[in-house]
Amino acid sequence: QVDVVESGGGLVQPGASLGVSCAASGRTFSSGTMAWFRQAPGKDREFVAAIRWPSGGPTYTDSVRGRFTISRDSAKNTVSLQMNNLRPEDTAVYYCAVDNRRLILSRVRFEGDYSYWGQGTQVTVSS
């Protein structure tokens, strides 16, 4: 069993920066994929960013590329999402997703491919 716990989030003004983190415990993966999804009120959950290992770079959805940065700490088995220049449309519950497979690039956007999920953390961007 793998426990996935998000932290961070909160309320910020437009243009501000915020970070969220995710820790996966209970198992060490020699390969895998960790990702962030988000769900805004009244909308479906959508892919935000993912990182794969070994030897996989970050992947972003178009709306956050250049503003968000995903990174992984292999020693701590954590993944972080640094969000800069936040916009009101970034308001959502952010979920961390983990799988013990290094997903192929075309699959990282599909939430059904992830085995483990956190409970989510709220990010609100409002003036």
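This is a predicted model, so every value here is computed, not measured.
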So CH2 of W117 and SG of C96: to nearest 0.5 Å the spacing works out to 9.0 Å

Is a side-chain N or O of N77 found less than 3.5 angstrom from the main chain of A24, in a donor-acceptor match? yes

- prompt: So if you build clusters from Ile, Leu, Val, Met, Phe, Trp, Tyr with side-chain heavy-atom gaps below 4.5 Å, do F47 and V98 land together?
  reply: no

Closest non-hydrogen contact found for N100 with S115 is OD1-OG, 4.5 Å

task: For the residue pair Y116 and F29, categorise the inter-ring angle as parallel (less than 30°), tilted (30 to 60°) or perpendicular (more than 60°).
output: parallel

Output for pair (S126 OG, D90 CG), nearest 0.5 Å, gives 12.5 Å

| field | Test item: S31 and P54 side chains (from C-beta on) under 4.5 Å apart, heavy atoms | value | yes

Note: G8 and T121 closest approach over all heavy atoms is O-OG1, 2.9 Å

In the structure I gave you, are the side-chain heavy atoms of R87 and V125 within less than 4.5 Å of one another anywhere?
no

Minimal heavy-atom distance between S30 and W53, with the atoms involved, is O-CD1, 3.5 Å

When rounded to the nearest 0.5 Å, the distance separating CZ of R27 from CG of D3 is 13.0 Å

Rounding to 0.5 Å, atoms CD (Q82) and OG1 (T69) come to a distance of 7.0 Å

**Prompt:** Any side-chain donor-acceptor pair under 3.5 Å between T91 and T124?
**Reply:** no

Worksheet item: Should the ring pair F68 and Y94 be called parallel, tilted or perpendicular, given that the plane angle runs from 0 to 90° and is split at 30 and 60?
Response: tilted

Closest heavy-atom pair, S17 versus N84, reported as atoms and distance to 0.1 Å, is OG-OD1, 2.9 Å

Rounding to 0.5 Å, atoms OG (S21) and CG (L81) come to a distance of 9.0 Å

| Side chains of T78 and D73: is there a donor and an acceptor less than 3.5 Å apart? | no

Notebook entry, point to check: Can you find a side-chain donor-acceptor pair between D99 and T33 that sits under 3.5 Å?
Noted result: no

Decide whether V48 and Y60 are clustered together by the hydrophobic rule: side chain heavy atoms of Ile, Leu, Val, Met, Phe, Trp, Tyr closer than 4.5 Å, transitively. yes

message: What I'd like to find out is whether the side chain of R38 reaches to under 4.5 Å of the side chain of V64, using heavy atoms alone.
response: yes

Next item on the list: Could you tell me if the ring centre of Y95 sits under 6.0 Å from that of F37?
Entry: no

*Apply side-chain contact (heavy atoms from CB on, under 4.5 Å) to the pair V20 and M83, showing each step before the final yes or no.*
CA-CA 8 Å; V20 290; M83 303 177 286; 4.0 Å; yes

Kindly indicate whether a cation-pi arrangement holds for R45 with W36, taking the cut-offs as under 6.0 Å to the six-membered ring centre and within 45° of the axis.
no

If we ignore hydrogens and angles and just use 3.5 Å, is the side chain of R67 paired with the main-chain N or O of S63 as donor and acceptor? yes

Minimal heavy-atom distance between A50 and V108, with the atoms involved, is CB-CB, 4.0 Å

Q: May I ask you to test the L86-L18 pair for a side-chain heavy-atom distance under 4.5 Å?
A: yes

Of M34, R102, R72, the one forming a side chain to side chain contact (heavy atoms under 4.5 Å, CB included) with R52 is R102

One should read off an interatomic distance between T59 OG1 and R65 CZ, to the nearest 0.5 angstrom, of 8.5 Å

Discussion item. Using only atom types and a distance under 3.5 Å, with no angle test, would you say the side chain of E6 pairs donor to acceptor with the backbone of Q119?
Written reply: yes

Checklist entry - When hydrophobic residues are tied together by side-chain contacts of less than 4.5 Å, even through go-betweens, does I51 share a cluster with V4? => result yes

